[in-house]
Amino acid sequence: MEGGEAGFRTRVLALVARIPPGRVMTYGQLAMLAGSPGAARQAGFVLGSLAGSDELPWQRVINAQGRVSTHKLGFGDLQERLLTAEGVVFDASGRCDLGTRQWWPEEEGPSTPPEPLLF
DNA sequence: GGTTTGACTTGAA
DNA sequence: ATTCAAGCCAAAC
C-alpha cells in the first residue's frame with residue numbers, strides 16, 4: 001500500500017506553482033502547508049532544484065524577513081528584479097511588505113482581498 | 001544505517 | 001537597527 005501521499009518536494013512545488021503574480025510565500029509557510037512545519041530549510045533545498053527554471057515561479061518564494069535568500073547563490077539580483085517587474089516593491093534594505101504581499105492558498109477562493117498592486 | 005548540509009526561523013545579546 | 005547562536009526537518013553521501 002503505497003500511501004497516495006505525495007512527497008514533501010511535490011507538495012512544495014505544487015504550492016509554488018499556485019502563487020499568483022505579485023504575491024510571495026515564505027519557506028516556513030511552504031513547509032507548514034506541505035505538512036512539515038519547521039522544514040523551511042528543506043523547502044529552500046527543493047526550490048534549489050528549480051532555480052533558473054522558467055516553468056515554476058520560484059522567484060515568488062522569499063524568507064520570513066521579506067528578503068530574497070538567493071543573494072549568496074547569485075540569483076538575488078535576478079529574483080528581486082523579477083518580483084519588481086510583478087509589482088513587488090522592495091525597500092532600500094531589500095525588504096518587501098510581507099503583510100500585503102504574502103499569499104495564502106485559501107485566498108484562491110472566490111473572495112480575493114484587494115491587492116494594492118500599483119503598477 | 002548514520003553523518004552532513006542547506007534559497008530557514010526565531011529569540012536573545 | 002544588526003549580529004550570534006541554537007533548533008528544525010528532509011534529501012544527499
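Remember, it's a predicted structure, so these values are computed and weren't measured experimentally. Numbered from 1 within each chain, the chains take letters A, B, ... in sequence-line order.
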### Euclidean distance, atom CD of residue A:Q65 to atom P of B:dG11 [Å, nearest integer]
12 Å
### Message
Can you tell me the base-pairing partner of B:dA7? Count Watson-Crick or G-U wobble geometry only, both distances below 3.5 Å, and say none if there is no partner.
### Response
none
### Shortest side-chain distance from A:Q42, nucleotide among B:dA7, C:dA11, B:dC8
C:dA11
### Message
Rounded to whole Å, please give me the gap between CD in A:Q102 and C1' in B:dT9.
### Response
13 Å
## Note on the structure
The nucleotide from B:dG6, B:dA7, B:dT10 with an atom nearest the side chain of A:R41 is B:dG6
#### Entry: Separation of A:R95 CZ from A:N63 CG (nearest 0.5 Å)
10.5 Å
### Task
Indicate, with a heavy-atom threshold strictly under 4.0 Å, whether A:G48 touches base, sugar-phosphate, or nothing.
base
### Message
Tell me if a side-chain donor or acceptor on A:Q29 pairs with a main-chain N or O of A:W103 at a distance below 3.5 Å.
### Response
yes
### Message
Can you tell me how far apart CD (A:Q102) and CZ (A:R23) are? Round to the nearest 0.5 Å.
### Response
9.5 Å
### Query
Among the nucleotides C:dA1, B:dA7, C:dA10, which one has an atom lying closest to any side-chain atom of A:A39?
C:dA10
### Task
Please report, rounded to the nearest Å, how far the C1' atom of B:dT9 is from the OH atom of A:Y27.
13 Å
### Message
Without decimals, in angstroms, what is the distance between A:L30 CG and C:dA10 P?
### Response
14 Å
### Task
For the side chain of A:A51, starting at C-beta, report the closest nucleotide among C:dC9, B:dA7, B:dC8.
B:dA7
#### Entry: From A:I62 atom CD1 to A:C96 atom SG, the distance as rounded to the nearest 0.5 Å
3.5 Å
### Message
Nearest whole Å is fine: how far is B:dT10 P from A:M32 CE?
### Response
10 Å
### Task
May I ask you to decide if A:L73's main-chain N or O and A:T70's side chain share a donor-acceptor pair within less than 3.5 Å?
no
### Summary
Taken to the nearest whole Å, CZ/A:F45 to C1'/B:dT4 is 11 Å
### Task
Output yes when at least one side-chain N/O atom of A:R95 is less than 4.0 Å from OP1 or OP2 of C:dA1, else no.
yes
### Spacing between A:I62 atom CD1 and B:dT9 atom P, to the nearest angstrom
9 Å
### Query
A:S36 has a side chain; which of C:dA10, B:dT9, B:dA7 sits nearest to it?
C:dA10
### Task
Grab the NZ-P distance between A:K72 and B:dT5 for me, whole Å please.
13 Å
